[in-house]
Amino acid sequence: MNDFDSTDENMDRFLTVTEAAELLKVSAADVHELIDSGELQAFRVGKRGPWRIEYEILELFIAEQYEDSRRSAMWNNSSLASASNVVDF
């Protein structure tokens, strides 16, 4: 048996920009912006071919977004974030 005989596991490894956009509930243009900015890792199939995003990379991206959001919320709710608490030395 070769790798091409395996079932759905390898079939869902890579996503198109449209598929990634559907999962994130954003536009394909938004996904292209994330790729262009380097926020979302992707690769082209060939020199000018379509972009592909590995499913696991998208999952990591989502987890990072949750973590960034959590940290931001903690900072914004922190008494340390208040400029009135800053003391001049």
Side-chain angles (χ1 to χ4, degrees):
M1 181 183 276
N2 60 38
D3 288 338
F4 297 110
D5 293 332
S6 59
T7 57
D8 295 332
E9 185 177 318
N10 287 332
M11 297 302 290
D12 295 332
R13 180 176 176 189
F14 300 107
L15 302 168
T16 65
V17 167
T18 301
E19 290 168 338
E22 288 173 3
L23 288 171
L24 294 172
K25 305 291 190 231
V26 298
S27 71
D30 290 337
V31 173
H32 278 288
E33 286 181 28
L34 291 169
I35 293 168
D36 291 342
S37 71
E39 292 179 73
L40 180 60
Q41 295 178 6
F43 67 94
R44 284 193 181 269
V45 179
K47 285 187 178 183
R48 296 181 184 248
W51 287 101
R52 292 293 180 261
I53 301 118
E54 191 167 0
Y55 184 81
E56 287 185 23
I57 295 295
L58 185 63
E59 289 293 322
L60 286 171
F61 171 79
I62 293 168
E64 288 170 359
Q65 298 306 301
Y66 275 120
E67 181 62 17
D68 288 350
S69 178
R70 184 189 68 80
R71 287 182 181 177
S72 178
M74 286 180 61
W75 174 257
N76 290 332
N77 292 325
S78 167
S79 62
L80 296 175
S82 174
S84 64
N85 291 338
V86 175
V87 178
D88 291 327
F89 288 99

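The model shown is predicted, which means the values in this text are computed figures rather than measured ones.
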Check: Taking a hydrophobic cluster as the set of Ile, Leu, Val, Met, Phe, Trp and Tyr residues connected by side-chain heavy atoms closer than 4.5 Å, whether directly or through intermediates, do Leu34 and Tyr66 fall within one such cluster?
Finding: yes
Check: Closest heavy-atom contact between Gly49 and Arg44?
Finding: O-NH1, 2.7 Å
Checklist line | Test log, rule side chain to side chain contact (heavy atoms under 4.5 Å, CB included), inputs Leu23 and Ile62 | finding: CA-CA 10 Å; Leu23 288 171; Ile62 293 168; over 6 Å; no
Notebook entry, point to check: In a check of ring-ring contact (aromatic ring centres under 6.0 Å, His included) between Phe14 and each of Trp51, Tyr55, Phe43, which one passes?
Noted result: Phe43
Notebook entry, point to check: Hey, what do you get for CD1 (Ile57) to CD (Glu64), rounding to the nearest 0.5 Å?
Noted result: 8.5 Å
Checklist line | Inter-residue atom distance Leu40.CG - Glu54.CD, 0.5 Å rounding | finding: 11.5 Å
Note to self: As an exercise, state the distance from CD of Gln65 to CG of Leu24, rounded to the nearest 0.5 Å.
What the structure shows: 9.0 Å
Item checked: CA sep, side-chain torsions, deciding dist, call: Ile53, Gln41, side chain to side chain contact (heavy atoms under 4.5 Å, CB included) -> CA-CA 7 Å; Ile53 301 118; Gln41 295 178 6; over 6 Å; no
Notebook entry, point to check: What are the two closest non-hydrogen atoms of Ala28 and Val17, and how far apart are they?
Noted result: O-CG1, 3.6 Å
Notebook entry, point to check: From Leu15 CG over to Glu56 CD, what is the distance, rounded to the nearest 0.5 angstrom?
Noted result: 11.0 Å
